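On a predicted model such as this, the values are computed, not experimentally measured, just so you know.
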Amino acid sequence: MPAETLPITFAAFAEAVKELPLSSVYAKASELRNSIAHLRRSNEELKAFVDGSCDTESEKRELENYIAENDGVMVSMQERIVLLKSEIESRGQQWVEVEVEDNTTATKANGDSSSAPATTNGASELRGTSAQQELPTSTYLEASGDTQHGQEQDGVYL
């Protein structure tokens, strides 16, 4: 059986994002926000189950451990979003947070107010932006990697 895969370390992540195009940095932020939203929802469901349906104390402790683990993962993901923000700003771009329908935040390139986010299945994408300011859509998140001008690029997948 293969060994458990560990996530990329924070230091390796910080180094890797320096090599990514802006569109990929924005896509990673969107992916992380989506993951955080799913973990939050999962924790809410687990808490409701613990409060109303847990049969044994050991089951309750186990589920509370899962909740705590999810909380730690969310903190780590939020730290990575802060790192992505720093990377964007170090490149001379503006990082703007906007509220989306479920009261979470999303990023918007260069503060273009005509780029209101549209939420579809938990993923945000921007519409009506110029090509230079457009945030990536799901094509950038495919397992095969980033695409730019119809060609695949090699690199580190975060």
Practice item. Test Val50 against every option in Glu45, Glu62, Arg61, Lys60 by the side-chain contact (heavy atoms from CB on, under 4.5 Å) rule and name the one that passes. Key: Lys60

Review point. If Ile, Leu, Val, Met, Phe, Trp and Tyr residues are connected whenever their side-chain heavy atoms lie under 4.5 Å apart, and connections chain through other members, are Val82 and Val25 in the same group?
Key: no

Review point. Do the non-hydrogen side-chain atoms of Leu83 and Glu79 ever get within less than 4.5 Å of each other?
Key: no

Review point. Just how far is it from atom CZ of Arg41 to atom CG of Leu46, taken to the nearest 0.5 Å?
Key: 11.5 Å

Check your understanding: So which heavy atom on Asn43 is nearest to which on Asp71, and how close?
Key -> ND2-OD1, 2.9 Å

Review point. Which distance, rounded to the nearest 0.5 Å, do you find between the CG of Leu39 and the CG of Asn70?
Key: 5.0 Å

Check your understanding: Are Phe49 and Ile67 linked, directly or through other ILVMFWY residues, by side chains that come within less than 4.5 angstrom of each other?
Key -> yes

Review point. Are Arg91 and Glu87 within salt-bridge range, i.e. N to O under 4.0 Å?
Key: yes

**Study point:** Stepwise side chain to side chain contact (heavy atoms under 4.5 Å, CB included) test for Leu84 and Phe13
**Key:** CA-CA 10 Å; Leu84 294 170; Phe13 181 83; 3.9 Å; yes

Revision key, fill the gap. One should read off an interatomic distance between Ser35 OG and Arg80 CZ, to the nearest 0.5 angstrom, of 11.0 Å

Study note, to complete from the structure: Between Ile36 and Met74, the two heavy atoms sitting closest are O-SD, 3.8 Å

Review point. About how many Å separate CZ of Arg33 and CD1 of Ile81, when rounded to the nearest 0.5 Å?
Key: 4.0 Å

Point to revise | Transitive ILVMFWY side-chain link Phe10 to Leu20, under 4.5 Å | key: yes

Practice item. With the side chain counted from C-beta on, respond yes when Lys28 and Leu32 share a heavy-atom pair under 4.5 Å apart, and no when they do not. Key: yes

